[in-house]
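Atoms within a ligand are numbered from 1 in the order they appear, just like the ligands themselves. Just so we're clear, the structure is a prediction, and the values are computed from it rather than from any experiment. Excluded from the calculations below are hydrogen atoms, water molecules and symmetry mates; all remaining heavy atoms, backbone and side chain alike, are included. Quick note: residue numbers are just sequence positions, from 1.
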Amino acid sequence: MKRTRVKQALNAEAPVEGIMLKGWVRTKRESKGVVFLELNDGSCRTNLQIVVDPGVAGIDSLDGTGTGAAIKVTGNLQASPGKGQKWEVQAEQVELIGSADQESYPLQKKRHSDEFLRGIAHLRPRTNKYGAMNRIRSELSFAVHQYFRERGFYYIHTPIITGSDCEGAGDMFVVTALDPDKAWKSPAEFGRDFFGKKAHLTVSGQLPAESMACALGDVYTFGPTFRAENSNTSKHAAEFWMVEPEVAFADLQDIMEMAQGFVQALTGHVKKYCSQDLELFSRFVDQGLEDRLDSVLSQPFERISYTRALEVLQDCGRTFEYPVQWGLDLQTEHERFLCEEHFHKPLIVHDYPAGIKPFYMRVNDDSSTVAAMDVLLPRVGEIIGGSQREERLEVLDRRIQEAGLSFDEYWWYRDLRRFGSVPHAGFGLGFERLLMFITGVSNIRDVIPFPRTPNMLEF
Ligand code: 4AD
Ligand code: MG
């Protein structure tokens, strides 16, 4: 008999004679010899009730096990007399596939803290919240591809191991080949580098994406990126996924327009296709979630220059922990103030001081700012960073030198300015940050299945 998924069964239009399901038991209770199981198989948030009457084949196999166990059930789908559920399965046969020791199984019926669940990241997808999170994460990934595909973008793959530092910030993980003789003896004499060259894990796919955009036109990359920033915050991870579109013949205005449309499209997609899972978050995690999602969907984002943003911050009468001074970067507290308390809507800050931005951003006519933009969302702060790229070789060279970088390392990047250079622009969206915004979950460790942060390398 073909297996039916719980989601399918729950959506049935009529009773079904002969149905087979496999999944994990969420709860088990017994009343007068009848065993009631709540079965979940990951296909949706709702469990399906299984009724096992005394004498049903295999009922004894359930003795001494319950929550967490994997089972196979065959029976009939029929209308449930119970409240709040349309269907239940009257079992004709149950089979224990994998038992779970009730004494030591860590997931109980009660609600567990996020902290506790992080310690059992291998089991937490079996909870309602993390099941919902991972289904939304999957749907959102497909929505990214769908968005670009509908607009004629090519999906490109950029390298994970690289010799160039895109952001020029130096916060990279070094890649070293394992030398069998020296392995594990001492970290200092551990490796051989990348066949004699220095190599690290990519912090961004942007530079290779620029090369591809300057051939294919509109491209995007969507992959893992790595940052060795030892910052123990709720929104930084050492490994995170980034979506990076890169568009030839585009300028800063084009890319700001696109960033807004992209965030709106993805948010709208999840609202439409993940309503059941999203409801869990608006009910249990963040009561203001629906309003916040609407604030993204219902209006254009505010656009404001960095210089104007500083004026707002200086004139607002508020004292901040970090200084507000032209030439210094905006901190999370500033971003959140602007977004949540001043404008009360999503915000795009553009034209930042050249001194705080990477070498590749296009220098503006005032020569003190660059054509950069950050998209800030309520609660999360920066979700997107992007820019128009410097397409003029002589200006790029000056910026490379000012940043203390070497021409040798960027020879190929300079080539793109020597042969058929065009204005182009792009951005990077932090996929986990978007998930945090969409679900209202406040810690990045809870939107990625196996977070990589300074204290989390297990699993
Ligand atoms: O602003 P960032 O550093 O921009 C770039 O890397 C550009 N090269 C992207 C481009 O133009 N193609 O990073 C982009 C986004 C940030 O806005 C943030 O959402 C996310 O990536 N991000 C992080 N997310 C989680 N953990 C971290 N440590 C992150 N660092 C950046
Ligand atoms: Mg940034």
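Between E246 and ligand 1, no pair of N/O atoms sits closer than 3.5 Å. Note: an N/O pair closer than 3.5 Å links I383 and ligand 1 by distance alone. Considering backbone and side-chain N/O of A237, one or more are found under 3.5 Å from N/O of ligand 1.
If you number the atoms of ligand 1 from 1 as listed, the ones under 4.0 Å from a heavy atom of R433 come out as 18 (C), 19 (O), 23 (C), 24 (N), 29 (C). Atoms of ligand 1 lying under 4.0 Å from any heavy atom of I444, numbered from 1 in the order shown and given with element: 25 (C).
Scanning all protein heavy atoms for the shortest distance to atom 6 (O) of ligand 1 gives R227 NH2, 2.8 Å. For atom 4 (O) of ligand 1, the nearest non-hydrogen atom of the protein is E167 OE1, 4.0 Å. Remark: minimum distance from atom 12 (N) of ligand 1 to any protein heavy atom is reached at E244 OE2, 2.7 Å. For atom 21 (O) of ligand 1, the closest non-hydrogen atom of the protein is F240 CE1, 3.6 Å. Here the heavy atom of the protein found nearest to atom 16 (C) of ligand 1 is E382 OE2, 3.2 Å. Ranking the protein heavy atoms by distance from atom 11 (O) of ligand 1 puts R389 NH2, 2.9 Å first.
Between the side chain of R433 and the backbone N or O of I444, no donor-acceptor pair lies under 3.5 Å. Between the E244 side chain and the G205 main chain, a donor and an acceptor come within less than 3.5 Å of each other.
Taking 4.0 Å as the cut-off, K235 counts as a neighbour of ligand 1 on heavy-atom distance.
E382 has its closest N, O or S atom to the Mg ion (ligand 2) at the position named OE2.
Between H334 and F320, the ring-plane angle classifies as perpendicular under the 30° and 60° cut-offs.
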